[in-house]
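What follows is a single structure, written as structure tokens, with notes after it.
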2 protein chains.
Amino acid sequence: MARAGVTKDRVAEEAEQLADEVGLESVTLAAVAGRLGIKLPSLYKHIDSLGGLRATVGERATRELTEVMVRATAGKAGPDAVSALAHALRDWARAHPGRYAATIAAPRVSAGAEPGQVQAAEDAVGLIFDVLAGFGLGGDDAVDATRGLRAVLHGFVALEAAGGFGMPADVDRSFDRLVASYIRSLPAY
Amino acid sequence: MARAGVTKDRVAEEAEQLADEVGLESVTLAAVAGRLGIKLPSLYKHIDSLGGLRATVGERATRELTEVMVRATAGKAGPDAVSALAHALRDWARAHPGRYAATIAAPRVSAGAEPGQVQAAEDAVGLIFDVLAGFGLGGDDAVDATRGLRAVLHGFVALEAAGGFGMPADVDRSFDRLVASYIRSLPAY
DNA sequence: TCCAAAAGCTATTGCCAATAGCTTTAAAGC
DNA sequence: GCTTTAAAGCTATTGGCAATAGCTTTTGGA
């Protein structure tokens, strides 16, 4: 009965949606199969393993996030571009928490990472690098600044997602000020 | 045969060591029990559940990290204190990756968090708050600056632990510059 | 010395990932 | 239009794990 019409992409899409709903760690193959209307073992006609599916989700999510940031920074430069990239990343991460988590867990280059995954991660970092290029940074300075921005953005988003910030004060404002503060520091790199 | 001499603290210690060795997510009750020389079901005489054990590890790790940061900042103030706190946190996180991960996953105040866990998390944040107090910050400014420092530190440490930084450039230097950059931005808060 | 609570055990259940091997569908070739 | 075959589904099974039930043994205090 080969008629459920399941494809690798549909499996990945369902896994992504589920990850956003219940958390990346709580995605089970049984639940993904159930959503697709097939039984768990049938999934193995489309994936290698749970780990492989997670890696696929990570790569797709990384490409999606990169695309979102590219659009957000199009036609902008300097502080405007950095600010737009920062807010685009946070907005997307809040809308897609499971996908976002997959982008961080993904680039395990140490283990046997697929070329596509590595490329996707490099493209994402490359975009940040390019956006910072307008500040006249070169060599190690640019590397340090890129790492700094990635740290600032991931740290804030991850703590926010983990419920690490108490209710009271305005979290949006805290983010705005952190990003603005980072941008002001760029000429010093 | 009540003679293995297992206590709640010993269970937590073994879970912590295992978390540092294989990762927090890969800690199984079977492995913890094996290390203690007892069978898995016997563990339930000392813990409530796997989730409860993870919460206990998180609380203990938060207290340990706070203590490390307190010692590192003792007798220091201003930029020196912030820098010492930052480096103490990163050093401890690199030495104890599983424990560190537990400190972030822990403070799920939204769900039913134990009072002890909430207190431990508040103490840790309180220390950062106090260290930043020397910069003349008050009210929301202090909250924003505290969130900013937490984001910077967690982001860098988490990306580093995930293998997010490619091999080449000196990671220590990137961290030093990010922390210095943050400290320079403090008067502007 | 006794006895009751603490701490261990075996057995069992249910969920999950993964594999083996069978069946059915559907498309491609004739 | 018929046949063949690969793809895509299925059931059955295994092994690991968390969790619970219920029994046994130890051991410290009355």
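Below, chains carry the letters A, B, ... as their sequence lines are ordered, and counting in each starts from 1.
- Between A/Asp140 and B/Arg177, none of the side-chain N atoms (NZ, or NE/NH1/NH2) sits under 4.0 Å from a carboxylate O, so this pair counts as no salt bridge.
- Taking atom CD1 of A/Ile38 as the reference point, atom P of D/dC10 lies 6 Å away to the nearest angstrom.
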Side-chain donor-acceptor distances from residues 32-45 of chain B under 3.5 Å, at least two apart:
| residue | atom | partner | partner atom | Å |
| --- | --- | --- | --- | --- |
| B/Arg35 | NH2 | B/Glu21 | OE1 | 2.3 |
| B/Arg35 | NH2 | B/Glu21 | OE2 | 3.2 |

Which pairs, protein N/O on one side and nucleotides 11-14 of chain D N/O on the other, fall under 3.5 Å?
| residue | atom | partner | partner atom | Å |
| --- | --- | --- | --- | --- |
| D/dT11 | OP2 | A/Lys39 | NZ | 3.4 |

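- The salt bridge (charged side-chain N to carboxylate O under 4.0 Å, His left out) search around A/Glu122 returns none, not counting sequence neighbours.
- Through chains of ILVMFWY side-chain contacts below 4.5 Å, B/Phe129 is grouped with B/Val143.
- What separates CG of B/Leu40 from C1' of D/dG16 is a distance of 11 Å, to the nearest Å.
- Following rounding to the nearest Å, A/Lys45 (NZ) and D/dA8 (C1') show an atom-to-atom distance of 6 Å.
- Per the geometry, OH belonging to B/Tyr44 stands 15 Å off P belonging to C/dC9, to the nearest Å.
- Salt bridge status for B/Glu67 with B/Arg63: absent, with no side-chain N to carboxylate O gap under 4.0 Å.
- Qualifying side chain to side chain donor-acceptor pair (under 3.5 Å) partners for B/Ser185, counting only residues two or more places apart in sequence or in other chains: A/Ser181.
- Every residue meeting the ring pair (Phe, Tyr, Trp, His ring centres under 6.0 Å) condition with B/Phe175, not counting sequence neighbours, appears here in chain and number order: B/His87, B/Phe156.
- Not a single salt bridge (charged side-chain N to carboxylate O under 4.0 Å, His left out) links A/Asp80 to another residue, sequence neighbours left out.
- Between A/His46 and D/dG9 there is a side-chain polar atom (N or O) within less than 4.0 angstrom of OP1 or OP2.
- At a non-hydrogen distance threshold of 4.0 Å, nothing from residues 12-21 of chain B comes into contact with DNA chain C.
- Counting only heavy atoms from C-beta on, A/Ser49 has its side chain closest to C/dA18 among D/dA19, C/dA18, D/dA8.
- Under the rule for a ring pair (Phe, Tyr, Trp, His ring centres under 6.0 Å), B/His46 has no partner lying at least two apart in sequence or in another chain.
- Distance B/Ile47 CD1 to C/dG8 C1': 15 Å, rounded to the nearest Å.
- Under the rule for a salt bridge (charged side-chain N to carboxylate O under 4.0 Å, His left out), B/Asp123 has no partner lying at least two apart in sequence or in another chain.
- A/Glu25 places its CD atom 17 Å from the C1' atom of D/dA18, with the value rounded to the nearest Å.
- In the region residues 26-33 of chain A, proximity to DNA chain C at under 4.0 angstrom, judged on heavy atoms, holds for A/Thr28, A/Leu29, A/Ala30.
- Every residue was checked against the salt bridge (charged side-chain N to carboxylate O under 4.0 Å, His left out) condition with A/Asp91, not counting sequence neighbours, and none meets it.
- Atom CG in B/Leu43 sits roughly 13 Å away from atom P in D/dC17 (whole-Å rounding).
- Atom-to-atom, CG of A/Leu50 to P of D/dG16 comes out at 18 Å; the value is rounded to the nearest Å.
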